[in-house]
Number of protein chains: 2
Amino acid sequence: MSTEVSSGLQALEGDVFDINCPSRGVLEHVTSRWGVLVLAALGEREMRFGELHRRIGGVSQKMLAQTLRALATDGFVDRTVIPAAPPQVSYRLTETGDQVAAHVVGLVGWIERHLPEILAARDVEPATAAG
Amino acid sequence: MSTEVSSGLQALEGDVFDINCPSRGVLEHVTSRWGVLVLAALGEREMRFGELHRRIGGVSQKMLAQTLRALATDGFVDRTVIPAAPPQVSYRLTETGDQVAAHVVGLVGWIERHLPEILAARDVEPATAAG
DNA sequence: GAAAGTACGTACCTTGAGGTAACCAACGGA
DNA sequence: TCCGTTGGTTACCTCAAGGTACGTACTTTC
């Protein structure tokens with residue numbers, strides 16, 4: 001493991017290549033199917049549950065709630081309940097969440113911008129060399 | 001859709017929030033459980049199949065091969081066969097692959113460095129406010 | 001007073017991601 | 001001749017991700 005014991009202290013840094021390192025779990029929350037999109041959406045601005053649901057095409061309420069819970073547990077998302085007539089719950093990135101989201105937004109943005117090239121490359125596809 | 005038809009042409013840019021946009025598929029290849037780790041590993045240097053298999057803890061041959069195929073289809077990874085006595089197959093990032101990998105490596109690196117904070121935040125966890 | 005909106009929780013069921021194991025082909029070494 | 005190595009493929013099976021549907025509690029609107 002990377003989070004070794006060193007003079008009584010622990011947890012220096014993670015190593016995602018190590019199957020036993022807890023960073024694997026965090027990485028999988030962040031890069032999960034809906035985790036990426038939630039972080040990208042909240043990277044734009046604070047949003048309520050319903051707004052997120054409409055913004056992220058194809059997500060079910062169940063998965064959205066589950067994803068938000070996982071990201072909140074990791075301390076990336078902050079949940080605020082406004083006890084109003086119809087309950088209003090707002091979600092925003094924490095400081096650390098803002099930093100991960102920046103990386104995620106960068107990645108997502110790159111893919112969006114280069115999509116035409118990628119799609120074009122799929123058609124050419126040089127048969128992946130001679131087997 | 002985002003890849004709209006505009007004066008006879010198409011495919012300007014992707015929109016990952018649109019469930020029908022092909023960028024969704026690319027994003028899921030890149031952020032898949034093993035896709036991230038393959039990109040991060042190849043971001044370090046060119047590697048052979050066996051090297052990747054040993055570097056990425058917990059991946060099976062089947063999933064490694066499958067992931068490499070997906071990334072090669074999207075044009076992120078280049079496959080080179082050296083027809084030697086025991087067949088040698090080398091994998092390296094393409095130019096575009098290098099760019100996505102840079103984002104992925106940035107994200108992975110951030111998580112590795114901030115892992116202690118994230119783990120600490122999980123323990124505090126203010127009960128996600130009053131329900 | 002019935003329906004709809006808000007923000008979920010939960011039960012149920014399907015799909016597919018992913019693990020295991022066996023097999024292959026070619027060669028070198030014991 | 002049999003084993004081991006390399007880089008896979010394929011069949012088979014399991015488990016969890018994730019979808020559908022319904023319940024809830026309160027309020028506004030038609």
Side-chain angles (χ1 to χ4, degrees), chain A residues 16-17 19-20 24-38 41-42 46-74 77-92 127-131, chain B residues 19-20 24-38 41-42 46-74 77-92 127-131:
Chain A
V16 290
F17 293 115
I19 193 178
N20 294 315
R24 273 283 179 90
V26 177
L27 182 64
E28 279 168 26
H29 285 166
V30 172
T31 62
S32 71
R33 183 167 186 190
W34 303 117
V36 190
L37 298 176
V38 166
L42 292 180
E46 182 174 355
M47 280 190 205
R48 291 179 47 189
F49 188 87
E51 286 183 284
L52 278 167
H53 190 211
R54 283 184 294 273
R55 181 82 178 107
I56 302 171
V59 71
S60 65
Q61 290 188 326
K62 176 191 155 186
M63 288 314 298
L64 181 54
Q66 190 174 303
T67 304
L68 284 166
R69 240 181 295 141
L71 293 177
T73 301
D74 287 339
V77 165
D78 201 30
R79 188 187 133 107
T80 310
V81 181
I82 298 146
Q88 295 185 5
V89 183
S90 202
Y91 294 92
R92 53 192 289 277
T128 66
Chain B
I19 194 180
N20 294 315
R24 274 283 179 90
V26 177
L27 183 64
E28 279 169 25
H29 285 168
V30 171
T31 62
S32 71
R33 183 167 186 191
W34 303 118
V36 189
L37 298 176
V38 166
L42 293 180
E46 182 174 356
M47 281 191 205
R48 290 178 49 190
F49 188 87
E51 287 183 283
L52 279 167
H53 191 212
R54 282 183 297 273
R55 180 84 178 106
I56 302 171
V59 71
S60 66
Q61 290 190 323
K62 177 189 153 186
M63 287 315 297
L64 181 53
Q66 191 174 304
T67 304
L68 284 166
R69 241 181 294 140
L71 293 176
T73 301
D74 287 339
V77 166
D78 201 30
R79 187 186 134 110
T80 311
V81 181
I82 299 145
Q88 296 186 4
V89 183
S90 202
Y91 293 91
R92 54 192 288 278
T128 65

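Each chain gets a letter, A, B and so on, in the order the sequences are listed, and its residues count up from 1. All of these numbers come straight from a predicted model, not from anything done at the bench.
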Looking at B:R48, does any N or O in its side chain come under 4.0 Å of the phosphate oxygens OP1/OP2 on D:dT6?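 For B:R48, the contact criterion (side-chain N or O under 4.0 Å from OP1 or OP2 of D:dT6) is not met.
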
Does A:R69 make a side-chain N or O approach to OP1 or OP2 of C:dG9 shorter than 4.0 Å?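 Yes.
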
Given side chains that start at C-beta, do those of A:L42 and A:L71 come closer than 4.5 Å, heavy atoms only?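 They are not in side-chain contact.
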
Roughly, in whole Å, what's the span from [atom1] in [X] to [atom2] in [N]?
X: B:Q66; N: D:dG7; atom1: CD; atom2: P; answer: 19 Å
X: B:H53; N: D:dT9; atom1: NE2; atom2: C1'; answer: 14 Å
X: B:Q88; N: D:dT5; atom1: CD; atom2: C1'; answer: 11 Å
X: A:I82; N: C:dG5; atom1: CD1; atom2: P; answer: 20 Å
X: A:E51; N: C:dA7; atom1: CD; atom2: P; answer: 9 Å
X: B:E28; N: C:dG16; atom1: CD; atom2: P; answer: 13 Å
X: A:M47; N: C:dA7; atom1: CE; atom2: P; answer: 13 Å
X: B:L68; N: D:dT6; atom1: CG; atom2: P; answer: 17 Å

On DNA chain D, compare the nucleotides closest to B:V89 and A:P87; which residue's is nearer the 5' end?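 It is B:V89, whose closest nucleotide lies nearer the 5' terminus.
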
For nucleotides 19-21 of chain D, tabulate all protein N/O to nucleotide N/O atom pairs closer than 3.5 Å, reporting atom names and distance.
{"residue": "D:dG19", "atom": "OP2", "partner": "A:S60", "partner atom": "OG", "Å": "3.1"}
{"residue": "D:dG19", "atom": "N7", "partner": "A:K62", "partner atom": "NZ", "Å": "3.3"}
{"residue": "D:dG19", "atom": "O6", "partner": "A:K62", "partner atom": "NZ", "Å": "2.2"}

Donor-acceptor check, side chain of A:R92 to backbone of A:D78, threshold 3.5 angstrom: yes or no?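 Not confirmed, A:R92 side chain does not pair with A:D78 backbone.
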
Donor-acceptor under 3.5 Å (A:H53 side chain, A:V59 main chain):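 Side chain of A:H53 to backbone of A:V59, a donor-acceptor pair under 3.5 Å: yes, one is there.
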
Sort out for me which residue in A:E46, A:R79, A:R48 forms a side-chain contact (heavy atoms from CB on, under 4.5 Å) with A:Y91.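 Going through A:E46, A:R79, A:R48 one by one, the side-chain contact (heavy atoms from CB on, under 4.5 Å) with A:Y91 is satisfied by A:R79 alone.
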
Option from A:D74, A:T73, A:T67 for which side chain to side chain donor-acceptor pair (under 3.5 Å) with A:H29 holds: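 That would be A:D74.
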
